Trainee: 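Before I ask anything, here is the structure I am working with.
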Amino acid sequence: MIRCGKVLCGLLSSRYFVPVRHSVSGKAWITPRGFDTGIKTFNSLTKQKEALILAREGTATWYSCGPTVYDHAHLGHACSYVRFDILQRILTRLFGITVIHAMVITDIDDKIIRRSWEENVSPAVIARLYEEEFKRDMLSLKVVPPAVYLRVTENVHHIVAFIEGIVRNGHAYATKEGDVYFDVQSIGERYGKFVGAVSSQGEPGSSNKRDSRDFALWKRSKPQEPYWESPWGRGRPGWHIECSTVASHMFGSQLDIHSGGIDLAFPHHENEIAQSEAFHQCGQWANYFLHSGHLHLKGSAEKMSKSLKNYITIKDFLQCHTAEEFRMFCLLTKYRSAIDYSDSSMSEACTHLETICIFISAAQAYMKGQLHCSPVQEDLLWQRLADAKSSVWTALTDDFDTPRAIGALMNLIYHGNCQLQPVSTAEGGVRSPAVFGAIVTYIRDVLNVFGIDLLHSKEAEVLSSGGNLQAVVEELVSFRSEVRAFALSRRDCPNNKPGLYPDRAPLLKACDTLRKDLVPLGVVIKDRGATSTWEIKQSQRGLRDHDDDQQNEKDK
């Protein structure tokens, strides 16, 4: 960005910028005029990080390509939608930006039509069935719904008018068969903003196309296919035109952010740009294109997709894992990076969540006075907290670098755990609960930004399983603690070395057995020196008692 003299000072003070042209592979990208968010994001239009500048202060217009609803949604879809949900949550909850998000549902398509023939029902039935399943899946993954879902079939009249505008502006033509194609040559070198576009052979179609790269805006109807009336005869929209029309219907000739999977960059997004700028007669329709990387099954070079039949449905995944675990899985890689799905990668995500939960539990036990430790290096922890806040902020302003942000949280937890080393008896020294309260609150706040709310999820499950469950467990653990304290009491021995009463060993063993037996039921008791704490886990996965066994051995 070119800045100089007094103009620079004025622009920086107002955080508003004038347009600047960047030449990328022969294509000019214009830095938007508007409000600088302070975020740098990788823009696929320039192949580099750019300052994220919005047309309106505090508001981002965002369009995303929705699903083609002919089959179950799978983890490949989930990965893209969850990743962009995280980005939108960061913008909204960390930077105070209102995101106006619109998504199209492709409810008429060759695949939908073929599926309807196979099932012997109408395409509308197939589309509605899988659309509703997709929406349920997104809610199960805690994806915030867009401001509006827009169906292609409910916007065909807008699409016809949009195509008429492109024809009127001299950038499309109709064939004698009744198809309408975009005329790529009419926009010259403006076509080909994404890698590989210029060398592409284009899409198959009528032999009457003027250029192999020309793509269909309107497709004439074939026998037994759904159709709509148009100036060119009966037919239905092409694939790319639906997104341009719906996005323009929502946001006009200017869009801040357009998102989708990296496989959509060409030809879909390339063609969206061409036809949108041809219709609006503008130099830059969408200012930023954000693309998410593919999800692969580990060991496979192919992306997860319905056409390749190498997918795991969202519904099946959620039988074994939680939405929080999948979100952590997504957070551990950059949104635009490819990501391998495997048992080990999911285990890593689960371990991160478990480490966070264990720390929060220990910190709360310390704050309650249930965990006795040596005097805490309080000043050091306050500094580590300040460092973590700075690191998280810096990471998220740098192209939404969630792996670095999670790393900063885990580093903070490491330093917190270093101070939470239990001792057998309280020494009556100075305690520092406030710093741990600040750390726990900050960790919860950041996780909430990412859409992970472990504590509320746990509380909701506990409450739904019975109103008195917590009280029952509390009484049980209290009784066990009294028995255990009695069993652990020391006596004077002839050699003047204190030891346990041998006849009380069965009581201690019974306490240990009870603790182990409760683990499969979701109740985790942690013996911390002479005291005990407990928690109710959301599931049986990842419950560990090895550390407690070691602690008990030390106490004996």
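Keep in mind that what you see is a predicted model, and the values were worked out from it rather than measured.
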Trainee: First locate atom CE of Met328, then atom NE2 of His321, and finally report the distance between them rounded to the nearest 0.5 Å.
Mentor: 14.5 Å

Trainee: Rounded to the nearest 0.5 Å, what's the gap from CD1 on Ile100 to OG1 on Thr61? Could you check?
Mentor: 7.0 Å

Trainee: Pairing donors with acceptors under 3.5 angstrom, does anything connect the side chains of Ser489 and Arg504?
Mentor: yes

Trainee: Classify the angle between the aromatic ring planes of His269 and His291 as parallel (below 30°), tilted (30 to 60°) or perpendicular (above 60°).
Mentor: parallel

Trainee: Output, in order, the C-alpha distance, side-chain angles, deciding distance and verdict of ring pair (Phe, Tyr, Trp, His ring centres under 6.0 Å) for Trp393 and Phe95.
Mentor: CA-CA 10 Å; Trp393 182 271; Phe95 294 95; 4.8 Å; yes

Trainee: Only one of Asp399, Asn43, Thr41, Asp398 clears side-chain hydrogen bond (donor to acceptor under 3.5 Å, both in side chains) with Lys49; which?
Mentor: Asp398

Trainee: Could you measure the distance from the CG atom of Leu412 to the CD1 atom of Ile443? Nearest 0.5 Å is fine.
Mentor: 5.0 Å

Trainee: At what distance, to the nearest 0.5 angstrom, does CH2 of Trp534 lie from CZ of Arg480?
Mentor: 13.5 Å

Trainee: How close do Leu447 and Leu409 get, counting heavy atoms only, and between which atoms?
Mentor: CD2-CD1, 4.5 Å

Trainee: Begin with the C-alpha distance, continue with both residues' side-chain angles, and end with the deciding distance and a verdict on side chain to side chain contact (heavy atoms under 4.5 Å, CB included) for Leu371 and Leu420.
Mentor: CA-CA 8 Å; Leu371 174 59; Leu420 289 177; 4.2 Å; yes

Trainee: Gln48 and Glu50: side-chain donor and acceptor closer than 3.5 Å?
Mentor: yes

Trainee: Report the C-alpha distance between Met138 and Tyr81 in whole Å, list the side-chain angles of each, state the deciding distance to 0.1 Å, and finish with yes or no for side chain to side chain contact (heavy atoms under 4.5 Å, CB included).
Mentor: CA-CA 8 Å; Met138 292 299 102; Tyr81 292 122; 3.7 Å; yes

Trainee: Would you say the side chain of Val519 lies within less than 4.5 Å of the side chain of Ile525, judging by non-hydrogen atoms?
Mentor: no

Trainee: Please answer whether the main-chain N or O of Ser347 pairs with a side-chain N or O of Thr351 as donor and acceptor at a distance below 3.5 Å.
Mentor: yes

Trainee: Just checking, any donor-acceptor pair under 3.5 angstrom between side chains of Ser342 and Ser345?
Mentor: yes

Trainee: Where do Leu500 and Leu488 come nearest, in terms of heavy atoms and distance?
Mentor: CD2-O, 3.3 Å

Trainee: Show your working on side chain to side chain contact (heavy atoms under 4.5 Å, CB included) between Ile53 and Thr37 and close with a plain yes or no.
Mentor: CA-CA 6 Å; Ile53 300 172; Thr37 61; over 6 Å; no

Trainee: Can the positive tip of Arg83 be found less than 6.0 Å from the middle of the six-membered ring of Tyr335, inside 45° of the ring normal?
Mentor: no

Trainee: Distance to the ring centre below 6.0 angstrom and angle to the axis at most 45 degrees; does that hold for Lys334 and Phe400?
Mentor: no

Trainee: I need the Asp527 CG to Ser481 OG distance, nearest 0.5 Å.
Mentor: 7.0 Å

Trainee: When rounded to the nearest 0.5 angstrom, what distance separates SG in Cys330 from CD1 in Ile452?
Mentor: 9.5 Å

Trainee: Is a donor from one side chain sitting under 3.5 angstrom from an acceptor on the other, for His74 and Thr313?
Mentor: no

Trainee: Hey, is Arg115 close enough to Asp71 for a salt bridge, meaning N to O under 4.0 Å?
Mentor: yes

Trainee: Less than 4.0 angstrom from a charged side-chain N to a carboxylate O is my criterion; do Asp85 and Arg327 meet it?
Mentor: yes

Trainee: Can you name the closest pair of heavy atoms from Ala51 and Lys40 and give their distance?
Mentor: N-CD, 3.8 Å

Trainee: If you measure from the Lys or Arg side-chain nitrogens to the Asp or Glu carboxylate oxygens, is any gap between Asp453 and Lys142 under 4.0 Å?
Mentor: no

Trainee: If the threshold is 4.0 Å, N to carboxylate O, is there a salt bridge linking Arg136 and Glu132?
Mentor: no

Trainee: Looking at Phe450, I'd like to know if the NZ or CZ of Arg89 sits under 6.0 Å from its six-membered ring centre while staying within 45 degrees of the ring's axis.
Mentor: no

Trainee: Does a side chain donor of either Gln383 or Asp379 reach within less than 3.5 Å of an acceptor in the other side chain?
Mentor: no

Trainee: With side-chain hydrogen bond (donor to acceptor under 3.5 Å, both in side chains) as the test, would you mind laying out the steps for Ser64 and His258 before giving the verdict?
Mentor: CA-CA 6 Å; Ser64 63; His258 194 312; over 6 Å; no

